[in-house]
Amino acid sequence: MLQGKVAVITGASRGIGRAIALAMAENGATVIINYNGSAQRAEAVQQEILEKGGKAFVYQCNVSDYAATEQFIQDVIGEHGRIDILVNNAGITRDGLLMRMSEEDFDAVLDTNLKGTFHTIRFVARQMLKQKGGRIINLSSVSGITGNAGQANYSASKAGVIGLTKAVARELASRHITVNAIAPGFIETEMTDVLGEAVKAEAVKQIPLGAFGKPEDIANAAVFLASDQAAYITGQVIRVDGGMAM
Ligand code: NAP
């Protein structure tokens with residue numbers, strides 16, 4: 001489905017990003033695995049893809065750093081010639097109640113989740129405009145739609161991703177570049193592993209389909225949005241959440 005395409009996936013060393021990288025490679029894309037600190041894990045994802053006969057390359061970049069992101073995207077274009085798909089998946093949480101939330105924890109989450117998404121789009125869009133086409137997929141969250149107590153920073157960042165998605169979708173539509181967001185609910189990854197058993201049991205009660213999702217559930221939506229089949233979909237927020245935020 002994605003033969004000949006170059007796909008950049010930020011934060012692909014584990015969790016949802018890893019699943020998206022594996023799925024896009026399986027569908028024929030050349031995958032650019034970005035990570036910030038987990039070099040060995042990013043290389044393990046690359047190895048997994050190569051062993052299955054796919055194409056994958058690893059690039060370190062902290063996407064919250066504007067200049068470093070420009071260099072990263074320039075390097076990818078220099079070495080692979082094009083970028084057809086960008087998945088802004090890199091994200092962090094620094095949960096805490098408002099009254100105890102530090103400025104540092106607010107800024108760190110906004111810098112990675114929202115500004116990081118702006119940074120990659122800023123530089124990848126230049127290339128996609130030249131190519132007169134492309135797919136941008138941003139990871140938002142149900143928390144960005146409904147809000148979540150203890151996640152003022154994270155909810156703000158993910159609501160911001162939705163606004164960014166829609167604004168950029170309008171700006172780039174005339175060049176056949178689609179921009180969409182995926183809003184996952186609770187997905188089984190290291191991000192949600194840190195939640196206590198009691199919190200998880202309470203969370204499951206809010207999910208009509210009665211279980212946490214798997215990273216592959218998000219990857220399936222990402223592959224579809226990246227494919228030709230989704231050519232007429234832009235500016236949308238696709239909820240993959242077991243019915244949580246309907
Ligand atoms: P995860 O397991 O914690 O993985 C996060 C990934 O992001 C890692 O590969 C990490 O790489 C990378 N990353 C973090 N900061 C980065 C930075 N500054 N620059 C580049 N890469 C960075 O998270 P996940 O659960 O897979 O979540 C993936 C995305 O889905 C996030 O945007 C998250 O907010 C969103 N989401 C997740 C859920 C869920 O239930 N899991 C729900 C809704 C939305 P390093 O280790 O190398 O830093």
Side-chain angles (χ1 to χ4, degrees), residues 8-23 31-46 58-73 76 86-95 105 107-120 137-148 150-151 153-162 164-165 181-195 199-200 203-204 206-207 211-219 221-222 237-242 244-245:
V8 173
I9 299 144
T10 69
S13 56
R14 57 191 146 93
I16 293 170
R18 169 181 170 275
I20 294 173
L22 291 172
V31 169
I32 307 300
I33 299 166
N34 158 255
Y35 72 97
N36 183 23
S38 312
Q40 282 186 346
R41 301 189 63 176
E43 282 156 19
V45 176
Q46 178 189 32
V58 172
Y59 288 76
Q60 192 282 332
C61 173
N62 177 355
V63 296
S64 71
D65 181 329
Y66 185 82
T69 307
E70 180 170 29
Q71 190 60 53
F72 161 47
I73 297 303
V76 172
L86 167 65
V87 183
N88 283 304
N89 167 82
I92 60 167
T93 50
R94 295 269 181 93
D95 296 354
D105 282 348
D107 287 348
V109 169
L110 269 289
D111 283 351
T112 298
N113 299 7
L114 182 55
K115 278 188 80 187
T117 300
F118 162 66
H119 294 158
T120 51
I137 300 159
N138 301 321
L139 269 290
S140 178
S141 168
V142 159
S143 299
I145 298 171
T146 64
N148 193 20
Q151 289 197 312
N153 49 1
Y154 185 78
S155 301
S157 75
K158 295 299 187 178
V161 164
I162 292 174
L164 176 64
T165 298
I182 298 174
F186 281 99
I187 307 299
E188 281 172 8
T189 68
E190 288 170 38
M191 188 178 269
T192 48
D193 274 354
V194 297
L195 303 171
V199 176
K200 284 192 200 172
V204 169
Q206 297 164 33
I207 306 171
F212 276 31
K214 304 248 180 285
E216 293 71 26
D217 293 318
I218 308 304
V237 182
I238 314 283
R239 298 169 196 195
V240 183
D241 64 356
M244 224 179 126

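For this chain, numbers begin at 1 and follow the sequence in order. Ligands are counted one by one from 1 in listed order, and the atoms in each one are counted from 1 as well.
Remark: Glu70 engages Arg126 in a salt bridge (charged side-chain N to carboxylate O under 4.0 Å, His left out) (not counting sequence neighbours). With sequence neighbours excluded, no residue forms a salt bridge (charged side-chain N to carboxylate O under 4.0 Å, His left out) with Arg239.
Heavy-atom separations between Ser140 and ligand 1 include at least one value shorter than 4.0 Å. The closest approach between a heavy atom of Asn34 and any atom of ligand 1 is below 4.0 Å. The closest approach between a heavy atom of Tyr154 and any atom of ligand 1 is below 4.0 Å. At least one heavy atom of Lys158 sits less than 4.0 Å from an atom of ligand 1. Residue-ligand proximity: Gly37 is placed with a non-hydrogen atom under 4.0 Å from ligand 1. In this structure, Cys61 has a heavy atom closer than 4.0 Å to ligand 1. In this structure, Gly185 is part of the shell of residues with a heavy atom less than 4.0 angstrom from ligand 1.
When only non-hydrogen protein atoms are considered, atom 24 (P) of ligand 1 lies nearest to Thr189 OG1, 3.7 Å. In terms of protein heavy atoms, atom 11 (O) of ligand 1 is closest to Ser13 OG, 3.3 Å. Closest protein heavy atom to atom 10 (C) of ligand 1: Arg14 NH2, 3.8 Å. For atom 30 (O) of ligand 1, the closest heavy atom belonging to the protein is Ile16 CD1, 3.6 Å.
Between the Ser64 side chain and the Gly116 main chain, no donor and acceptor come within less than 3.5 Å of each other.
Counting only N and O atoms by type, the side chains of Asn88 and Thr120 include a donor and acceptor under 3.5 Å apart.
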Take Glu190 and Arg41 through the test salt bridge (Lys or Arg N to Asp or Glu O under 4.0 Å) and record every step on the way to the result.
CA-CA 13 Å; Glu190 288 170 38; Arg41 301 189 63 176; 2.6 Å; yes

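With a 4.0 Å cut-off on non-hydrogen atoms, Asn89 touches ligand 1 through its backbone as well as its side chain.
More than 12 heavy atoms of other residues, nucleotides or ligands sit less than 6.0 Å from atom NZ of Lys200.
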